[in-house]
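Structure, as structure tokens:
All chains are named by letter (A, B, ...) in the order of the sequence lines, taking the proteins before the strands, and each is independently numbered beginning at 1. Computed from a predicted structure; not experimentally measured.
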There are 2 protein chains.
Amino acid sequence: MTYAIAEAAHRSGLSIDTLRYYERIQLIDPPARDSGGRRAYTDEDLVWLVFLTKLRTTGMPIRMMREYARLRHQGVASAGRRKQILVQQRTEVLGRIAELNSCLDVLNYKIANYEQCERDLEEQAPGRLAEASA
Amino acid sequence: MTYAIAEAAHRSGLSIDTLRYYERIQLIDPPARDSGGRRAYTDEDLVWLVFLTKLRTTGMPIRMMREYARLRHQGVASAGRRKQILVQQRTEVLGRIAELNSCLDVLNYKIANYEQCERDLEEQAPGRLAEASA
DNA sequence: ACTTGACCTGGAGCGCACTCCAGCTTCTAC
DNA sequence: GTAGAAGCTGGAGTGCGCTCCAGGTCAAGT
């Protein structure tokens, strides 16, 4: 089973242009072509694409994804380095989540402040207005 | 107490250039100037800067931070809209955290796979090599 | 035969968020 | 009074990750 580029785009969540772009920068191997010279993506291609989108979602720069892709071609010998990249990325993700949680605290604090302000307004006791507008 | 731009940069974690840039695009109000025409940031300026960095960290686009900054000048009347922006951003952050957690699962799965591969190698039973190199 | 639509290529363009630069002024320390 | 550090301005440049475009090919339907 193979997929035309539009279908591969649909299934991977990437755009057609992005698929071609990823190929150009060697994030993905050039897929097979059909008789008319059109790209024909395999399920295997799709699995790799989906994994790439996961790495992208973690914020991994394309440069590093390229390295990972390159290492993959070197087979088992590069497994150590590949694992290292993933472990490093996991650390980044954990850090990022922690960072976001900390920002979430700030947002929640501010929002609570606005809500208190709203309640005060209803009670005609606008004591927190200055605070909320800061 | 006021701070020269270098000190403000240090305390906010932004670069000097970024501080001037934020001023130019009206994310921050032009700070007071000292007798020599140099920027003199107040503690209040710093508080706002730090809050801005929090919003940036959540991934809020500068365009929206600008809107928030603009609304601030309109005082209490804009509190509802400001709260709305923060609530929306909180939703985004929660979504982003969920997304990152899902990617984390993938990373953990892959890493576990590599580790299993390493153990297999030690035991001279390399059955998972193909899987890990995928 | 011909239109239509999906796909092809190489290359240019874009939006974002900075970051850097040249050339100038101003304060501080010696 | 002079050197050096820090700051100023307006504007250009950068890196990233796409995204769009012109001009062409190919295959299927009518």
Does C:dT9 have OP1 or OP2 sitting under 4.0 Å from an N or O in the side chain of A:Arg33? yes
Whole-Å distance between C:dC21 P and B:Asp17 CG? 10 Å
Note: B:Glu122-B:Arg119 ion pair, threshold 4.0 Å (strictly below): no
Can you confirm whether A:Tyr3 sits close enough to A:Thr42 that some side-chain heavy atom of one is under 4.5 Å from a side-chain heavy atom of the other? no
May I ask you to check whether over 12 heavy atoms, not counting those of A:Glu44, lie within 6.0 Å of atom CD? no
Can you tell me if B:Ser15 touches the phosphate of C:dC18, counting only side-chain N or O atoms and a distance under 4.0 Å to OP1 or OP2? no
Residue among A:His10, A:Glu23, A:Arg39 satisfying side chain to side chain contact (heavy atoms under 4.5 Å, CB included) with A:Ile5: A:Arg39
So, does A:Arg63 get its side chain near the phosphate of D:dC16, meaning an N or O under 4.0 Å from OP1 or OP2? yes
Protein-nucleotide distance (B:Tyr3, atom OH; D:dA6, atom C1'), rounded to Å: 19 Å
Are A:Arg63 and A:Glu67 within salt-bridge range, i.e. N to O under 4.0 Å? no
Any carboxylate oxygen within less than 4.0 angstrom of a Lys/Arg side-chain nitrogen, looking at B:Arg96 and B:Glu92? no
Can you say whether the rings of B:Tyr68 and B:Phe51 are parallel (under 30°), tilted (30 to 60°) or perpendicular (over 60°)? tilted
Starting from C1' on C:dC18, measure out to CZ on B:Arg24 and report it in whole angstrom. 10 Å
Taking OP1 and OP2 of D:dC18, is either one under 4.0 Å from a side-chain nitrogen or oxygen of A:Tyr22? yes
Can you tell me the distance, in whole Å, between the CD1 atom of B:Ile16 and the P atom of C:dC20? 11 Å
Separation of D:dT19 P from A:Ile5 CD1 (nearest whole Å): 14 Å
I want to confirm an ordering. Mapping B:Gly59 and A:Arg20 to their closest nucleotides on DNA chain C, which one lands closer to the 5' end? A:Arg20
Taking atom P of C:dG11 as reference, at what distance in whole Å does atom OH of A:Tyr21 sit? 16 Å
Whole angstrom value for the distance that separates P of D:dG17 from CG of A:Leu14: 13 Å
Any B:Arg56 side-chain N or O less than 4.0 Å from OP1/OP2 of C:dA17: yes
Would you mind reading off the distance between A:Leu19 atom CG and C:dA6 atom P, rounded to a whole angstrom? 16 Å
Hey, which of these two, B:Glu7 or A:Met60, hits DNA chain D nearer its 5' end, going by closest nucleotide? B:Glu7
Could I get a table of every N or O pair under 3.5 Å where one atom is in the protein and the other is in nucleotides 23-27 of chain D?
from, atom 1, to, atom 2, distance (Å)
D:dC26, O2, A:Arg38, NH2, 3.1

